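The structure under discussion appears below in the form of structure tokens.
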Amino acid sequence: MEQQRESASLGMWIFLATEVMFFGGLFLAYILYRWQWPAAFRDGSHHLDVTLGTWNTAVLIGSSLTMALAVRAAQLGRRRSLVTFLMLTMLLGSVFLGVKAYEYHHKHVEHLIPGADFRFEGPEPGHVSMFFCLYFAMTGLHALHMIVGLGVLLVMLVLGARGRFSPDDYNAIECSGLYWHFVDIVWIFLFPLLYLIGRHH
Amino acid sequence: MSHQVVPVRTYVMIFAALLALTATTTLVAFRDLGPLNNLAALGIAVIKATLVVLYFMHARGSTRMTKLVIAAALAWLLMLFVLTLGDYFTRGWLGVPGR
């Protein structure tokens, strides 16, 4: 049993290692373009809402806390508190995605979505467009991971409510937790890199 | 996987630390520290990520094998960054036409 438990979480960590490489490529692209066009990236970043970004970071960190508490509840075999904490995690995750959707909508209104409709008053609109390409690629991929995470948590919620987990068998909850925290970590890096460039200017 | 149960207090304290660091990173970004701004942004993000990995993801009480996987993931990421950036950042050093 102990070995089964360990291999389950080890497998999850190996999967997360591949995810690190997946996001790593995008972070690398970000570094290279920002290094090349620092002024355009600063101008682009100033069109993001720091207040919403900071708030959403706090929301996601809160969801990581409730997720950790959900795993703890599963370890202790407390079914009701497992269900409650999973629901709280999903609620906070949905709030995050809701705010993100509002931000995307705002970018659409401001013509900041790269493509034919992109408008930017400034010296290098093309390079600012590149910033927004990376912004949408990175936050979009992150949001997709959140949506997958919410789907996984929904399954865990149903199974948990039916009493599928016990202190001897809560691998699925532990692994879902690892995934959820990983997605949180990606955002921890995305937030300062996208929202906080040269804010003192 | 560790099966020792972590007290709620630990989780809440890590949560509070993460919130404080989030506030710090935002506040620091509005002050002109020159090149230190980038360093602060990345440094704080690394500290936050480390706290999440060690405490929320239970890496602290995990097996050696799991720790090895985490180290390998970081090593690969480092290779990706160091080799690629080593190429790009040094291209301007020699005035080779058509580089």
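None of the values given here were measured: they were computed from a predicted structure. Letters A, B, ... mirror the listed sequences (proteins, then strands); counts begin at 1.
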- request: Measure B:Leu80 against the heavy atoms of chain A and call it side chain, backbone, both or neither at under 4.5 Å.
  value: both
message: With a sphere of 6.0 Å drawn around OH of A:Tyr33, does it hold more than 12 non-hydrogen atoms of other residues, nucleotides or ligands?
response: no
field: Best-contacting candidate, A:Leu10, A:Ile185, A:Leu28, A:Leu69, against chain B by heavy atom pairs under 4.5 angstrom
entry: A:Leu28
query: Taking B:Ala23, B:Ala72, B:Ala49 one by one, which has the highest count of heavy-atom pairs under 4.5 Å against chain A?
result: B:Ala49
message: Would you compute the distance between atom OG of A:Ser9 and atom CE of B:Met65 and round it to the nearest 0.5 angstrom?
response: 11.0 Å
message: Determine whether the aromatic ring centres of residues B:Phe89 and A:Trp35 are separated by less than 6.0 angstrom.
response: yes
Portion of B:Val46 that has a non-hydrogen atom of chain A nearer than 4.5 angstrom: both
- line: Checked A:Ile197, A:Ile61, A:Ile31, A:Val50 vs chain B; the most non-hydrogen pairs under 4.5 Å come from A:Ile61
query: Are side-chain heavy atoms of B:Leu85 and A:Leu32 found at a separation under 4.5 Å?
result: yes
- request: Verify, without hydrogens or angle tests, whether A:Arg72 (side chain) and B:Val5 (backbone) share a donor-acceptor contact under 3.5 angstrom.
  value: no
- line: In terms of heavy-atom contacts, A:Glu174 and B:His58 come closest through OE2-ND1, 3.5 Å
- prompt: Given the options A:Leu65, A:Leu196, A:Asp184, A:Leu76, which has more heavy-atom pairs under 4.5 Å with chain B than any of the others?
  reply: A:Leu65
field: Non-hydrogen atoms of A:Met21 and B:Trp76 that approach each other most closely
entry: SD-CB, 3.8 Å
statement: Looking only at A:Ala68, A:Ala17, A:Pro167, most heavy-atom pairs under 4.5 Å shared with chain B are made by A:Ala68
- prompt: Has A:His106 got more than 12 heavy atoms of other residues, nucleotides or ligands less than 6.0 Å from its NE2?
  reply: no
- prompt: So which of B:Ala73, B:Ala41, B:Ala29 has the biggest tally of heavy-atom pairs under 4.5 Å with chain A?
  reply: B:Ala29
task: Determine whether A:Phe27 and B:Phe81 make a side-chain contact, defined as any pair of heavy atoms from C-beta on separated by less than 4.5 Å.
output: yes
message: Taking side chain as everything from C-beta outward and backbone as N, CA, C, O, which of these in B:Asp32 sits under 4.5 Å from a heavy atom of chain A? Side chain, backbone, both or neither.
response: both
field: Heavy atoms from other residues, nucleotides or ligands near CZ of B:Arg9 exceed 12 (cutoff 6.0 Å)
entry: no
message: Do B:Thr26 and A:Tyr195 have side chains that approach each other closer than 4.5 Å (heavy atoms only, starting at C-beta)?
response: no
- line: Distance col, row B:Leu27:CG vs A:Thr54:OG1, nearest 0.5 angstrom, shows 8.5 Å
- prompt: Got A:Phe182 and B:Val53 here, is their nearest side-chain heavy-atom distance under 4.5 Å?
  reply: no
- request: Step through the shown structure and confirm whether more than 12 heavy atoms of other residues, nucleotides or ligands are within 6.0 Å of NE2 on A:His108.
  value: no
message: If I measure from the heavy atoms of chain B, does A:Val71 come under 4.5 Å with its side chain, its backbone, both, or neither?
response: side chain
- prompt: Distance from A:Trp13 atom CH2 to B:Met57 atom CE, nearest 0.5 Å?
  reply: 3.5 Å
- prompt: When only pairs under 4.5 Å are counted, which of B:Asn38, B:Leu21, B:Val12, B:Leu68 shares the most heavy-atom pairs with chain A?
  reply: B:Asn38
- line: Heavy atoms of A:Thr57 and B:Thr22 approach each other most closely as CG2-CG2, 3.7 Å
- line: Between the CD atom in A:Gln3 and the OG1 atom in B:Thr63, the distance rounded to the nearest 0.5 Å is 11.0 Å
Separation of B:Tyr11 OH from A:Met67 CE (nearest 0.5 Å): 10.5 Å
message: Please find the pair of heavy atoms, one from B:Leu19 and one from A:Ala58, that lie closest to each other, and give the distance.
response: CD2-CB, 3.7 Å
